[in-house]
Amino acid sequence: MTEPLDALFWLSSTVAVFSAWRVFRADSMVRAAYWLMGSFVGVAGILVLVGAEFLGLVLILMMAGEMTIMAVFMVMFMMNPAGLNPMNMVHQHRTSLLAGVLSFVGLGAIALLASFPQAPPPDPAAATSDLGHELLGGSMLVFQTAGVALLSTMIGSIALAAQRGRYGSAAEGSEEPGAPIDEEDA
Amino acid sequence: MTLPALLVVSAALFGIGVYGALSQQSFVMIMMGLELMINGAILAAGAFWAFSSGGEPKGQMLVVVFMTVMAVEAAIGFALVINIYRVRKADITEKLKKLKT
Amino acid sequence: MTTPLPLWLAPAVVASVLAPAVYLTWVLDRWVGARVAGRRTSLGQTLASPLAEAAQLMLQSSPRAERPDRVTWLLAPASLSGLAVVAVATVPLGPMLHIADAPGGIVLFGAAIALVMVAVFLHGWSANSLFPLMGGYRFIALALSFEMPLALVLIAAALPAESLRFSDIVQSQVDVWNVVRQPLGLPLYLIATLGASFWGPLAFPDAPDLAGGTTAESSGAALLVWTAARYALLVALCAVGAAVFLGGWLGPGLPGPIWLAFKTAGLVATVVVIGHHVARVRLEDFVVVAWTVLIPLALVDVFLSGLLVL
């Protein structure tokens, strides 16, 4: 690999990992969502660098929309949307820190110690058309299954989220009678 | 830019995602942790496709499947968050301790 | 296959293409606006109006919103102009002259337009003020509606070329332009253009009824960059439209870049005139129409183009 490519790779990885870390350190949910998008943009950059140009760009395309929707949800649900106060809402902090570090060390050890098969790098010019032929050729069943899964997801999430169901208001039917909300328990 | 370097970056993303998914209280933040884990998986799949498979298109196919998983996770997650909020007025996990009354 | 420009020359080429285009679009917008309002302005006044506005903005004192997210607030206009530059750079200027003719050019353009949504929302959110935030929300509703038709008509245009590369798409229109071959494409693309540059009938986020929307708290140089970026975005969208539907550099006699400039100017003029003559629609109505009419029409466009290719 040539020098500029390496530099771009380290830049993208730094962006990806740094933004990923900032996601859980941001004061506002909107910032957290866009830090997460930054992490995806970093990964998309690496994908483009290794020759999967189409996948990288599609990742950015998807994430821009998804993270914006996420930001709107955050502003809707969170008590501190503007990020004016420090926000730290964690539980079992030490355990999860340990779990995170352990999974990083474990996966990193595999990455560094295991020996993987080596193959010549793919031809970037052919990567996209290869993917297209694969999508509508050998892996057509997988592709179509993904499409059906997405369709059922749409139907399912509309059914879950709709205010007005077939049998009246969604809240009426699903709330258990006499189930008070335990506020001080939180 | 070598295979181990890419995998270490992907492991770092996955580790941060594990930490976030386990430590955060807010549902939406937990989903962010899950997405970071999938992000690491996407990077690992892309790395193996580029350095170990010699351009086998099924490797790219795997990335497409991961993206689908991410979209499904986000959509169902948001729908569940809306539903739980409507029914229980809960936006963090601690308010959902009781599965029954 | 065309040869790329040397890397160091690309920024200079983009700047020298984009700067006059932004200036002329701005002049055209002010001129049409004055004509519609019935004001008589001299040629010199019209030509100087963008410069006068820019000078006025540069002399303004800097904004003072209450506790804005300063970094994001400054970043939003900058990233909007950056995205416009990326979108312009994808367009091949001539058969032998292109800036960034990526193999996945259409996807690159789509990603840039998707990130416009992020830039506009952050511009509205970061001011920490009511009207800008409402403008940001409006743009999300608008963007989620126009992005599907936009992506679908671009995919339809890529079908006859069998390539996602813009120069291949232009080359595939040697015999007949896409505007003839895919009659649904250009109208849908123009509607999406109005949405993506939030212009005229779809000018929701920065609208006067929100006291300027996402720009309500902006002033000075940041507002100048934002305004210029909006014109640049419009130019970028029209240039892509000219390349994808009107045959780009193809044309008899004149050199390619001139033809592309003419076609882009035609589209820009169309959008600007529409912007001053068509009243704004209601956002709710547009969202309903986009999802129930425009997306099915775009799908019909894709299927018909696919049939033609077969």
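Computed from a prediction, not measured in an experiment: that's the story for all the values here. Residue numbering restarts at 1 for every chain, and letters A, B, ... go by the order of the sequence lines.
- Taking A:Trp10, A:Trp21, A:Phe40 one by one and counting their heavy-atom pairs under 4.5 Å with chain B, the maximum is reached by A:Phe40.
- Of the residues considered (B:Asn39, B:Val8, B:Val18, B:Leu43), B:Asn39 shows the highest number of contacts with chain A, using heavy-atom pairs under 4.5 Å.
- Interface summary for chain B: among A:Ser157, A:Pro117, A:Ser103, the most heavy-atom pairs under 4.5 angstrom belong to A:Pro117.
- B:Ala47 does not touch chain A: none of its heavy atoms, backbone or side chain, sits under 4.5 Å away.
- Between B:Val9 and A:Val17 the shortest side-chain heavy-atom distance falls below 4.5 Å.
- When atom types are taken as modelled, the side chain of B:Gln60 and the backbone of A:Ala127 share a donor-acceptor pair closer than 3.5 angstrom.
- Proximity to chain B (any heavy atom under 4.5 Å) is shown, for A:Leu97, by both the backbone and the side chain.
- Here A:Leu160 contributes atom CG and B:Ile82 contributes atom CD1; the two are 9.5 Å apart, rounded to the nearest 0.5 Å.
- Between chain A and the residues B:Gly17, B:Ala71, B:Ala12, the largest count of heavy-atom pairs under 4.5 Å involves B:Ala12.
- Residue contact with chain B, scored on non-hydrogen atoms closer than 4.5 Å, involves the backbone and the side chain of A:Phe143 alike.
- When all heavy atoms of B:Met32 and A:Phe24 are compared, the closest pair comes out as C-CZ, 4.4 Å.
- With contacts defined as side-chain heavy-atom distances shorter than 4.5 Å, the pair A:Leu47/B:Ile42 qualifies.
- Comparing A:Gly138, A:Gly132, A:Ala33 by how many heavy-atom pairs each has under 4.5 Å with chain B, the most go to A:Ala33.
- Residue contact with chain B, scored on non-hydrogen atoms closer than 4.5 Å, involves the side chain of A:Met62 exclusively.
- Contacts of B:Phe27 with chain A are absent, with no heavy-atom separation under 4.5 Å from either backbone or side chain.
- Chain A forms the most heavy-atom pairs under 4.5 Å with one residue out of B:Val69, B:Thr2, B:Val64, B:Leu6, and that residue is B:Leu6.
- With chain B as partner, the option from A:Thr14, A:Ile158, A:Leu59, A:Leu112 having the largest number of non-hydrogen pairs under 4.5 angstrom is A:Leu59.
- Between A:Leu131 and B:Val63, the closest side-chain pair of non-hydrogen atoms is not below 4.5 Å.
- Taking CD of A:Gln92 as the reference point, atom CD of B:Gln24 lies at 11.0 Å (rounded to 0.5 Å).
- Looking at heavy atoms from C-beta onward, B:Leu22 lies out of side-chain contact with A:Thr95 at the 4.5 angstrom threshold.
- Between chain A and the options B:Ala21, B:Ser52, B:Gly15, the largest number of non-hydrogen pairs under 4.5 Å is found for B:Ser52.
- Listed options B:Gly46, B:Gly77, B:Ser53, B:Gly20 were ranked by heavy-atom pairs under 4.5 angstrom with chain A; first place goes to B:Gly20.
- When heavy atoms are compared at a cutoff of 4.5 Å, B:Ile16 approaches chain A by way of both its backbone and its side chain.
- Scanning all heavy atoms of the two residues, the minimum distance from B:Phe51 to A:Val50 falls at CE1-CG1, 4.0 Å.
- Only the side chain of B:Val65 comes within contact range of chain A, judged by heavy atoms closer than 4.5 Å.
- In this structure, the portion of A:Ile46 lying under 4.5 Å from any heavy atom of chain B is its side chain and not its backbone.
- When all heavy atoms are compared, the tightest approach of B:Met67 to A:Leu55 is CE-O, 3.4 Å.
- Side-chain contact between B:Leu7 and A:Phe116: present, with at least one pair of heavy atoms (C-beta onward) separated by less than 4.5 Å.
- In this structure a side-chain-to-backbone donor-acceptor pair under 3.5 Å is missing from A:Asp130 to B:Pro57.
- Of all heavy-atom pairs spanning B:Glu35 and A:Met67, the tightest one is OE1-CE, 3.3 Å.
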